[in-house]
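Predicted, not measured: the structure shown is a model, and the values here were computed from it. Heavy atoms only: backbone and side chains are in, while hydrogens, waters and symmetry mates are out. Remember, it's 1-based here, ligands and their atoms both numbered in the order they're listed.
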Amino acid sequence: MQLVNLKDATQQVSFTTAVKTGLGRNQGVFFPKQLSKLENIDALLEKPFVERSAEVLSHLIGDELPKDTLAEMVASAFNFPAPLKQIGDKQYCLELFHGPTLAFKDFGGRFMAECIGLFNQGERVTILTATSGDTGAAVAHAFYNKPNVDVVILYPEGKISLAQQKLFTTLGGNIHCYAVEGSFDDCQALVKQAFLDDEMKEKLGLNSANSINISRLVAQVCYYFEAVAQLPVEQRGNVHVSVPSGNFGNVCAAMIAAALGLPIANLSATTNQNDTVPRYMASGEWSPNATLESLSNAMDVSKPNNWPRVETMLDRGDFDKHEFYSRSVSESRTQAVMKEIAASGYVMEPHTAIALEGLTLDKTESAVGICLATAHPAKFKSSVEEVLGQEIAMPSVLQDALDKKCLAEPMKADYTQLKAAVFAKLL
Ligand SMILES: *Cc1c(COP(=O)(O)O)cnc(C)c1O
């Protein structure tokens with residue numbers, strides 16, 4: 001796989017290098033130079049999830065990774081299902097929350113851990129990542145107790161749910177957490193700054209686990225195939241997928257899947273009130289506002305890192321511009337949708353409800369709709385219970401984490417402080 005730095009086309013790297021470096025020169029993200037179609041989509045859709053995923057990834061990554069190695073990596077990373085549930089007439093919900101940390105980030109996090117384990121044998125690695133809520137837990141669990149790996153996680157203090165936070169701050173061992181006084185964008189800016197610091201990079205063997213890292217994105221491509229594979233054959237002709245979007249990694253993966261030939265006719269990237277992209281699509285002007293706090297905190301992002309990748313695909317014609325939609329959903333509509341769908345017997349947390357609203361508003365009558373359920377409702381227990389006025393059950397993994405002590409240390413949104421703290425801890 002040949003990848004190009006989207007800010008400096010002279011930097012072209014292999015998949016291995018892209019995974020090991022994370023971010024390219026000038027803070028540019030890497031993206032495949034070209035995407036070619038799979039030929040045997042129908043036959044592929046008949047295969048089981050793990051086997052099909054290995055084939056999709058092999059097509060994307062190419063001969064850099066032997067097929068049987070890839071098959072083993074996929075088998076250990078994707079050891080939980082992604083069921084497609086019918087929620088209405090020609091309406092489905094793809095449940096991506098059956099992994100160890102109950103959000104879709106487990107797919108990318110676990111596959112990335114497999115890649116790092118393979119590529120960095122013996123070398124020391126420090127994974128530095130900012131989390132808007134769910135990446136932290138997925139990455140922490142994927143790398144917990146792995147040899148030669150330390151994980152440093154920055155999260156915006158008080159801006160993520162207790163369940164989200166406790167899933168990673170209670171692990172200890174090689175997982176080091178900092179509660180940053182600021183927003184997710186502040187955390188993301190600190191991570192970007194660390195990658196510009198050669199001393200940090202060299203002494204720690206720095207890598208990022210954000211959706212900047214291409215290994216996470218390619219892993220996510222696989223569950224879009226799994227969604228279509230679970231549709232009745234006669235419903236695969238006109239599929240509209242809605243993705244609740246924050247950093248725009250997940251929708252980027254959907255677009256890659258479509259570019260490989262998966263029949264996704266229309267795509268909605270639906271945001272909360274942090275609406276930089278919907279405004280950009282309408283006006284052509286990129287003008288991020290200050291990040292606002294919302295019920296769907298994992299989408300409280302105003303400078304989405306993956307937008308350059310999405311825009312590249314739209315510009316290159318990998319996906320038809322006219323079939324891509326992005327709108328923003330208000331807090332009050334989010335709550336109303338949660339109530340409406342609960343009345344029909346399906347409980348959604350706020351991110352998923354936003355995807356459903358995008359689908360309802362963007363989809364044509366005849367299309368088959370799939371909205372992505374990106375997290376388990378219990379991960380947002382207090383807000384879900386408050387909105388619905390009903391109690392929801394707590395899975396045991398979450399209850400166990402909630403009962404443990406938070407080991408995170410407080411930190412200002414200040415790079416000097418971050419560097420000193422991390423050096424003191426790890427060198
Ligand atoms: C991370 C996350 C999102 C946003 O996904 P992006 O890839 O950042 O757009 C949506 N919902 C949940 C529950 C998440 O954890």
### Message
Determine whether the aromatic ring centres of residues F49 and F225 are separated by less than 6.0 angstrom.
### Response
no

### Task
Flag the pair H240 / Y325 as yes when their ring centroid distance falls below 6.0 Å, and as no otherwise.
yes

### Query
Which of these, N305, N297, N250, D134, has its nearest heavy atom closest to atom 13 (C) of ligand 1?
D134

## Note on the structure
To atom 3 (C) of ligand 1, the nearest of W307, F104, F380 on a heavy-atom basis is F104

Should [X] and [Y] count as an ion pair when the cut-off is N to O under 4.0 Å?
X: R110; Y: D106; answer: no
X: E55; Y: K47; answer: yes
X: K425; Y: D150; answer: no

Within the 4.0 Å heavy-atom shell around [X], which atoms of ligand 1 are there?
X: N247; result: 6 (P), 8 (O), 9 (O)
X: H351; result: 10 (C), 11 (N), 12 (C), 13 (C)
X: T374; result: 10 (C), 11 (N), 12 (C), 13 (C)
X: A298; result: 2 (C), 12 (C), 14 (C), 15 (O)
X: G249; result: 6 (P), 7 (O), 9 (O)

#### Entry: Pairing residues for K146 by the side-chain hydrogen bond (donor to acceptor under 3.5 Å, both in side chains) criterion, not counting sequence neighbours
none

### Query
Under the criterion salt bridge (Lys or Arg N to Asp or Glu O under 4.0 Å), which of R333, K363, R327 is the partner of E357?
R333

### Message
Considering both backbone and side-chain atoms of A375, is one of its nitrogen or oxygen atoms within less than 3.5 Å of a nitrogen or oxygen in ligand 1?
### Response
no

### Query
Considering distance alone, does some N or O of K105 sit under 3.5 Å from an N or O of ligand 1?
yes

### Query
Y346: what forms a ring-ring contact (aromatic ring centres under 6.0 Å, His included) with it, not counting sequence neighbours?
none

### Query
Which is it for E349 and ligand 1 at heavy atoms under 4.0 Å: side chain, backbone, both or neither?
neither

### Query
Side chain or backbone of K379 under 4.0 Å from ligand 1, or both, or neither, by non-hydrogen atoms?
neither

### Message
By the definition side-chain hydrogen bond (donor to acceptor under 3.5 Å, both in side chains), identify the one residue from N213, T126, T21 that meets it with N207.
### Response
N213

### Message
Between ligand 1 and P244, can you find any atom pair, the residue atom being a heavy atom, that is separated by under 4.0 Å?
### Response
yes

### Task
Determine whether any heavy atom of G133 lies closer than 4.0 Å to an atom of ligand 1.
no

